[in-house]
Amino acid sequence: MNVLLSSVGRRSYLVHYFKKALAGQGKVIVTNSHADATGMLAADRAIIIPQAGSPEFIEHLLDVCRKYEIKLLFSLHDWEAPFIAANLKRFKSLGVVPVISELSVLNICLDKYATYNFGLSKGIRVPKTALGQKMALAQLESENLGYPVIIKPRRGQGSICIEKAFNENELRAACLLIEQKMRLMDSNNLLFKPNEENIIIQEEVCGTEYGLDVVNDFKGDFATCLVKRKLGMRSGETDAAEIVDSHDLMEFGSAIGNHLGHIGLLDVDVVVDQNGPCWLEANARFGGHYPFSHEAGANIPAAMIAWAQGRKAETRWFQVKVGAVFFKDFSFTQQHLGLGDKNP
Ligand SMILES: Nc1ncnc2c1ncn2[C@@H]1O[C@H](COP(=O)(O)OP(=O)(O)O)[C@@H](O)[C@H]1O
Ligand SMILES: [Mg+2]
């Protein structure tokens with residue numbers, strides 16, 4: 001049973017987790033829009049395909065699924081998954097199980113203003129949020145919102161273009177700067193939409209930040225929630241984290257998973273202050289804090305392989321060592337000539 005990790009980037013650890021979970025019963029195939037990525041070097045087969053958004057992207061990905069008899073398909077990039085989600089039927093008709101949520105679910109996760117509205121509608125606490133500068137200024141004037149505020153792209157990722165403002169001048173300057181930066185970024189037209197408000201302004205939630213892995217099965221039913229206290233963030237990703245046992249956060253994660261009905265893993269950011277947990281955002285994919293759960297004993301790839309084969313997941317794959325602390329580290333990988341040999 002072969003697994004495809006699309007937009008693998010630097011997630012070589014995920015390639016290794018899947019290889020181990022497959023235990024020789026299948027290969028890990030990866031795709032990326034460029035070869036210079038460590039995930040490409042780690043895989044059994046690495047194939048360069050066009051970026052999502054390019055007219056040929058879906059055809060190339062379907063070709064890879066056909067050629068390598070892919071059973072499980074994952075996308076590891078927020079700005080790619082919607083293109084696959086729009087074509088789920090075509091992948092399913094090849095016998096592929098795309099571990100990718102419906103477009104409606106992805107749209108709630110990709111758009112932080114939609115996440116805010118979804119949270120409000122389901123009674124899940126979210127930060128007070130305004131869409132665009134005008135709405136923010138009106139809310140600040142009426143004291144619905146107060147300084148300092150967090151200003152960020154509505155459809156951002158990896159902590160890009162996040163600013164904090166303590167007064168109106170800073171808020172206006174931040175909005176101008178973020179808008180200008182977004183216009184220049186390559187994002188498959190998902191980050192900046194010319195005729196829309198592309199920036200949200202939020203209350204700053206001051207507290208301790210947690211990362212949740214909210215796991216649903218392939219029917220979208222809640223399976224488990226793994227909780228990590230973030231000890232450090234770097235380049236928009238969790239850099240160090242401790243595994244914690246928190247009934248409140250498990251409940252909070254299960255409420256999100258149950259209401260959202262996503263497929264597979266949901267990477268959730270939460271801040272806990274004196275009023276309890278507050279939902280910042282979610283990414284419907286293996287995210288940057290999954291390895292902390294895996295290193296602490298979880299094995300979500302094994303659970304997903306079992307589900308794809310119609311088997312039950314074993315309880316131990318959802319168990320983690322509470323109190324364990326893990327750090328990301330730098331390492332170097334030499335690219336041996338001949339990556340091209342891995343191409344079809
Ligand atoms: N409203 C907020 N209050 C406090 N911190 C925030 C807020 N919004 C964002 N942050 C900080 O910025 C980081 C990135 O923001 P996030 O909403 O997760 O966007 P991204 O999609 O870029 O990861 C968060 O992990 C958190 O540390
Ligand atoms: Mg985040």
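From a predicted model like this one, the values you see are computed outputs, not experimental measurements. Numbering of ligands and ligand atoms starts at 1, following listing order.
Environment of NZ in Lys20: sparse, with no more than 12 heavy atoms of neighbouring residues, nucleotides or ligands closer than 6.0 Å.
Sorted by chain and number, the residues within 4.0 Å of ligand 1 by heavy atom are Lys112, Ile150, Lys152, Gly156, Gln157, Gly158, Ser159, Ile162, Gln202, Glu203, Glu204, Val205, Glu209, Met233, Asp269, Leu280, Glu281.
Residues passing the salt bridge (Lys or Arg N to Asp or Glu O under 4.0 Å) test with Glu168, sequence neighbours excluded: Arg172.
Lys122 and His259 share no side-chain donor-acceptor pair at under 3.5 Å. Residues Glu295 and Tyr17 bring a donor and an acceptor atom of their side chains to less than 3.5 Å of each other.
Residue Asp267: no N/O/S atom is found under 2.8 Å from the Mg ion (ligand 2).
Of the inter-residue distances, the one linking Phe118 atom CZ with Ile124 atom CD1 reads 6.0 Å to the nearest 0.5 angstrom.
Among the heteroatoms counted here (N, O or S) of Asp269, OD2 is the one nearest to the Mg ion (ligand 2). When the N, O or S atoms of Glu281 are ranked by distance to the Mg ion (ligand 2), OE2 comes first.
Ring centroids of Phe74 and Phe18 are separated by less than 6.0 Å, placing the two rings close together.
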**OP:** Take Lys152 and Glu163, measure what salt bridge (charged side-chain N to carboxylate O under 4.0 Å, His left out) needs, and give me the verdict at the end.
**Re:** CA-CA 6 Å; Lys152 57 188 179 185; Glu163 301 288 343; over 6 Å; no
